[in-house]
Every structure is written in structure tokens, then in C-alpha cells.
Protein chains: 2
Amino acid sequence: MEQSKIPQATAKRLPLYYRFLNNLNHQGKARVSSKELSEAVKVDSATIRRDFSYFGALGKKGYGYNVEYLLGFFRKTLDQDEVTEVALIGVGNLGTAFLNYNFTKNNNTKIVMAFDSDPSKSEGNVGGVPIYHIAELEDRIGDVKVAILTIPASEADGITTRLVDCGIEGILNFTPARISVPEHIRVHHIDLAVELQALVYFLKHYPLDEGL
Amino acid sequence: MEQSKIPQATAKRLPLYYRFLNNLNHQGKARVSSKELSEAVKVDSATIRRDFSYFGALGKKGYGYNVEYLLGFFRKTLDQDEVTEVALIGVGNLGTAFLNYNFTKNNNTKIVMAFDSDPSKSEGNVGGVPIYHIAELEDRIGDVKVAILTIPASEADGITTRLVDCGIEGILNFTPARISVPEHIRVHHIDLAVELQALVYFLKHYPLDEGL
DNA sequence: CATAAGTCGTGATTAATTTCACAATAGTAT
DNA sequence: ATACTATTGTGAAATTAATCACGACTTATG
């Protein structure tokens with residue numbers, strides 16, 4: 001918890017850096033410059049250097065960064081060694097997408113259980129993840145602290161309340177509803193319809209160049 | 001294209017405001033204050049007032065905002081009357097989720113066609129949207145200017161090149177790959193794995209309170 | 001060894017966004 | 001009418017993030 005001074009904008013880019021460093025490593029590249037990385041992840045090179053610098057001097061002047069070293073560093077920083085268990089609520093199309101995906105490669109998160117209100121889905125198993133009926137939420141969730149919400153908006157509030165009572169700490173909400181939670185619980189909203197509309201708005205109103 | 005001075009951060013919130021105003025309207029509410037709206041969309045009320053103020057004085061002091069008026073205003077501003085056609089590339093789980101969803105309510109975007117490389121999927125039809133084989137991309141896409149990419153990362157570059165050649169203007173990229181496009185094309189990346197990892201990182205390193 | 005080329009780390013600057021805080025005004029109640 | 005209350009719109013301040021630009025250092029080359 002020491003490095004709480006890292007800007008949120010930087011923190012959000014860390015997983016991205018991590019994945020690309022992993023790619024480079026698999027490709028057998030031993031070193032990389034902020035300029036090269038910049039082209040790969042589409043983030044300004046000065047921003048990358050600044051981001052890295054919050055963690056200390058990780059590179060060498062005139063050389064760049066050693067891929068393996070950097071990777072090892074981020075592995076620790078991003079807690080890649082310790083897997084965070086995640087519960088998925090709602091096994092519709094979107095939920096199924098997550099289950100099949102299940103963040104297989106270089107990832108520190110794992111969906112360990114899923115819930116659905118449809119009895120024909122529960123008792124099943126998708127991508128090796130057991131699916132339970134939503135009624136079993138409280139019994140099954142154990143000490144899982146992170147949930148992905150891929151349910152209809154109308155159910156968001158009810159499920160959220162139950163998750164909060166189960167001691168959940170973070171929710172990734174794909175529901176269009178903006179859910180209310182106690183202050184100490186973190187919610188990230190990803191609103192697919194809004195994202196698409198925003199893209200369309202930018203296309204019409206913000207003439208060429210300038211990525212998001 | 002007149003109001004190019006609207007901050008990007010504001011522009012990204014507009015679709016969200018629009019949807020909640022619609023909800024309020026359906027509920028029969030005639031007026032709303034920035035404070036109420038703030039609670040609903042989880043955006044600071046001063047930010048909401050500031051956002052609205054870029055479009056002029058839309059509210060009344062001591063009263064708030066007239067829901068219907070505001071809604072009418074945003075409908076025009078967000079081009080809600082004119083539907084933007086969208087093509088979906090990749091009818092896997094995630095792609096299917098989009099097709100079934102298809103942004104039915106209060107939306108100015110519509111997926112009008114989908115493509116997949118699996119012949120057993122193409123020639124089909126999901127949620128009323130025709131699915132073509134990816135080989136037909138150039139023949140079928142017509143003047144659709146926006147594409148959603150829900151394909152494996154390995155195919156991202158190839159498909160992107162073809163889309164660019166077809167004259168695409170905006171891409172909503174769900175692929176983990178950071179695609180390269182000419183300057184005048186807008187790409188928004190939504191990286192599900194990164195979002196989840198970022199949430200986990202925040203949980204571990206940023207103690208309670210403060211939503212993203 | 002000396003020179004050239006490349007690249008980091010960061011102070012300083014600029015830009016973007018959020019938040020504070022309050023005067024002005026509209027509505028409401030008596 | 002008058003007083004009271006609610007709420008906007010916005011100047012100013014604060015915060016956060018991105019970018020510039022350059023000194024210092026590393027490696028490569030002849």
C-alpha cells in the first residue's frame with residue numbers, strides 16, 4: 001500500500017504495459033525503449049517514461065528498459081503472482097463471453113464461479129467454471145471479493161445489495177444502471193451503449209486526429 | 001460542428017445524461033435538479049452543471065432543469081434522430097451479446113450487419129441482423145462508417161486494414177491488440193482484461209472511498 | 001580513446017478537468 | 001408583498017494529467 005502516490009491515470013495503464021511487455025518477452029526481445037513501447041500501446045513516450053518513473057529508475061539511459069527486469073518488476077507491483085478470484089453474475093451472452101475468455105494468459109484474475117437465475121443454466125459449467133443458481137449466491141460466494149455484473153439493468157440494484165451484504169469489495173458493472181454502494185466499495189462502470197454513442201459523437205463533432 | 005469547444009470529458013458523459021433523462025421522462029418527472037441527477041448518474045453536481053453550461057443556460061435558478069426541454073435539447077445535440085449504422089466484426093460470444101442487445105432503446109446506433117469467418121455462422125441471422133462471411137466484407141459494407149471489433153487479437157490488424165480501405169471512420173475495438181490506423185480514423189479501445197486488472201489494482205492499492 | 005547516436009529521468013510548463021463557493025434569480029408559502 | 005428556500009451558472013482555485021525539452025549517461029563505432 002506504500003505507493004499510494006501513483007496517479008490513477010498511470011495505474012490504469014499498468015495492466016496494458018504489462019501485457020505488451022509480456023508479448024515482447026515471448027518474442028524474445030531483451031530490451032525496449034519508451035519510443036518502441038509507445039508505438040505498440042499508443043501512449044506518448046514521455047508519458048510512459050513518467051509512468052515508469054513513479055516506481056523508480058527502471059531503465060538505463062542510452063539503452064532503454066530490460067524487458068525481463070521490467071516484467072519482473074511489474075509482476076510484483078501488479079500482484080501477478082497472487083490470483084484474485086472473481087465471481088460472475090449473469091450468464092447471458094456477455095457473461096458467457098467472459099467465461100470462455102476467462103483471462104487465460106498472463107493474468108492475475110480468475111473467474112471461479114458464476115451465477116444465473118435461469119435454472120437450465122445453473123448446475124452447468126462453462127469453460128470449466130461452475131454455474132450456480134442465483135439463490136445460492138450467499139452460500140457459495142465464500143470470500144470472493146470481486147464481482148462482474150453482466151445482468152439486466154433491472155436486476156442490478158437487488159444483486160448489488162446482496163453482493164454488498166456478502167462483503168464484496170469491487171464490482172465491474174456492465175449494466176447500464178449506475179449502482180449505489182457504500183463508500184468503501186469500488187465500482188467501475190463499463191457501459192457499452194454509452195461507449196458506442198460516445199464514439200459516434202466524437203466522429204461527428206471532433207474532426208480528424210486526436211485519439212481519445 | 002460549431003461546438004468543438006466542448007471538453008472531451010464532457011462529451012463522454014452526454015450519452016449517460018441522455019439515458020437518465022429519458023428514464024426520468026418515462027417516470028413522468030417534469031423537473032430535475034443537478035443534485036438529483038448527480039445521485040442517479042454518480043457524477044458530481046457541479047460537474048453536471050458545468051457540463052450543461054457549455055450548451056448555454058438550460059436550467060432555471062431555484063428550479064432546476066425541465067426534463068422534457070433538456071431531453072429535446074440533447075436529442076438534437078446527440079443526433080438522436082439520425083441513426084448511425086454500425087457493422088459488427090466477429091460473431092463470437094461477445095459479438096452475439098451485442099447483436100442481441102443491439103442498443104434497442106433510446107439509441108441512435110444500430111448494428112445493420114455482422115461478419116464472421118466461420119461459414120456455419122455466416123448466412124445466418126442473429127437478432128434480425130444478417131451475418132455474412134468475412135470474405136464479403138468489401139462487397140457488403142457499403143457506406144457504413146463505424147465498426148465494432150469483437151474478434152481474436154490475432155486477426156485485428158488484418159481486419160483493421162481492410163476496414164480502413166473500405167473507408168471506415170470509427171472503430172470500437174474490444175480486441176486486446178492496439179491497432180494502428182491513419183490519423184483521421186478514430187479508435188476507442190475497450191480492453192476487458194485491462195479493466196478487470198485495473199479494478200483489482202485499485203482495490204489493493206487505493207484504500208476505501210473515491211470512485212474512479 | 002574520442003566521438004556520435006540513442007535514451008532515460010525529470011524540472012518546468014502547459015493543458016485539461018474537477019471542485020469550491022457564492023451572487024443572482026426563480027419558485028413557494030404565508 | 002415579503003421572506004424563505006432551492007438551485008443555477010460561473011469566476012476562481014485546486015487538482016490531475018500530459019507534454020516539452022534537456023542534462024546526464026550508455027552504448028556503439030571508428
Side-chain angles (χ1 to χ4, degrees), chain A residues 3-14 16-17 21 24 29-70 73-74 183 189 198 201-202 205-206 209-212, chain B residues 3-14 16-17 21 24 29-67 69-70 73-74 189 198 201-202 205-206 209-212:
Chain A
Q3 69 260 85
S4 283
K5 60 278 305 265
I6 288 160
Q8 299 216 355
T10 296
K12 286 202 275 189
R13 285 188 290 264
L14 296 181
L16 185 63
Y17 296 147
L21 288 171
L24 291 174
K29 288 209 62 162
R31 59 184 266 193
V32 66
S33 68
S34 60
K35 188 148 161 287
E36 284 174 281
L37 203 47
S38 169
E39 277 152 27
V41 301
K42 316 290 181 198
V43 171
D44 186 88
S45 67
T47 300
I48 292 177
R49 292 200 301 281
R50 173 80 62 196
D51 283 347
F52 287 0
S53 77
Y54 291 115
F55 299 98
L58 303 176
K60 278 192 202 145
K61 302 183 179 189
Y63 173 88
Y65 300 91
N66 178 289
V67 173
E68 222 165 310
Y69 174 76
L70 205 50
F73 185 84
F74 279 125
E183 273 207 337
H189 297 276
Y201 183 84
F202 278 116
H205 297 274
Y206 291 73
D209 63 54
E210 286 306 308
L212 158 60
Chain B
Q3 70 262 81
S4 283
K5 60 276 306 265
I6 288 161
Q8 299 216 355
T10 296
K12 287 203 274 189
R13 284 187 291 262
L14 296 182
L16 185 62
Y17 296 148
L21 288 171
L24 290 175
K29 288 209 62 161
R31 57 184 269 193
V32 65
S33 69
S34 61
K35 189 149 161 283
E36 285 175 279
L37 203 48
S38 169
E39 278 152 26
V41 301
K42 316 289 180 200
V43 171
D44 186 88
S45 67
T47 301
I48 292 178
R49 293 200 299 281
R50 172 80 61 195
D51 284 346
F52 287 1
S53 78
Y54 291 115
F55 298 99
L58 303 176
K60 279 190 202 147
K61 302 187 177 184
Y63 174 87
Y65 300 90
N66 178 290
V67 173
Y69 174 76
L70 206 51
F73 185 85
F74 278 126
H189 297 275
Y201 183 83
F202 278 116
H205 297 274
Y206 292 72
D209 63 54
E210 285 308 307
L212 155 61

| Between A:Arg31 (side chain) and A:Tyr63 (backbone), is there a donor-acceptor pair under 3.5 Å? | yes
| Can any side-chain N or O of A:Ser38 pair as donor or acceptor with the backbone N or O of A:Val43 at less than 3.5 Å? | yes
| Rounded distance in Å - CG (A:Asp51) to C1' (C:dT10) | 13 Å
| message | Tell me the interatomic distance from A:Phe55, atom CZ, to C:dG9, atom P, rounded to whole angstroms. | response | 13 Å
| What closest approach, in Å, do B:Tyr201 and A:Ala11 show between heavy atoms, and which atom pair accounts for it? | CE2-CB, 3.6 Å
| note | All heavy atoms of B:Leu37 vs all of B:Val32, minimum pair found to be N-CG2, 4.1 Å
Report all interatomic pairs (protein N or O, nucleotide N or O of nucleotides 14-17 of chain D) with separations under 3.5 Å.
| from | atom 1 | to | atom 2 | distance (Å) |
| --- | --- | --- | --- | --- |
| D:dA17 | OP1 | A:Ala9 | N | 3.2 |

Please tabulate, one pair per line, each protein N/O and nucleotide N/O from nucleotides 5-13 of chain D that are separated by under 3.5 Å, including the distance.
| from | atom 1 | to | atom 2 | distance (Å) |
| --- | --- | --- | --- | --- |
| D:dT7 | O4' | B:Gly62 | N | 3.3 |
| D:dT7 | O2 | B:Gly62 | N | 2.8 |
| D:dT8 | OP1 | B:Ser34 | N | 2.6 |
| D:dT8 | OP1 | B:Ser34 | OG | 3.4 |
| D:dT8 | OP2 | B:Ser34 | OG | 2.6 |
| D:dG9 | OP1 | B:Leu58 | N | 3.1 |
| D:dG9 | OP1 | B:Gly59 | N | 2.8 |
| D:dG9 | OP1 | B:Gly59 | O | 3.2 |
| D:dG9 | OP2 | B:Tyr65 | OH | 2.8 |
| D:dG9 | N7 | B:Arg49 | NE | 2.9 |
| D:dG9 | O6 | B:Arg49 | NH2 | 3.1 |
| D:dG11 | O6 | B:Arg50 | NH2 | 2.5 |
| D:dA12 | N6 | B:Arg50 | NH2 | 3.0 |

| task | Write down the distance between CG (A:Leu37) and C1' (C:dG9), rounded to a whole number of angstrom. | result | 16 Å
| Could you give the CD1-to-P distance, from A:Ile48 to D:dT19, as a whole number of Å? | 11 Å
| Starting at OH of B:Tyr69 and ending at P of C:dA26, how long is that distance when rounded to a whole Å? | 15 Å
| message | When you compare the side chain of A:Thr47 with that of A:Thr10, does any pair of heavy atoms fall below 4.5 Å? | response | no
| field | ring-ring contact (aromatic ring centres under 6.0 Å, His included) against A:Phe52, all qualifying residues, sequence neighbours excluded | value | A:Tyr17, A:Tyr65, A:Phe74
| note | In terms of heavy-atom contacts, A:Lys42 and A:Glu39 come closest through NZ-O, 3.4 Å
| query | With distance as the sole test, does A:Glu36 use its side chain to make a donor-acceptor pair with the main-chain N or O of A:Ser33 at under 3.5 Å? | reply | yes
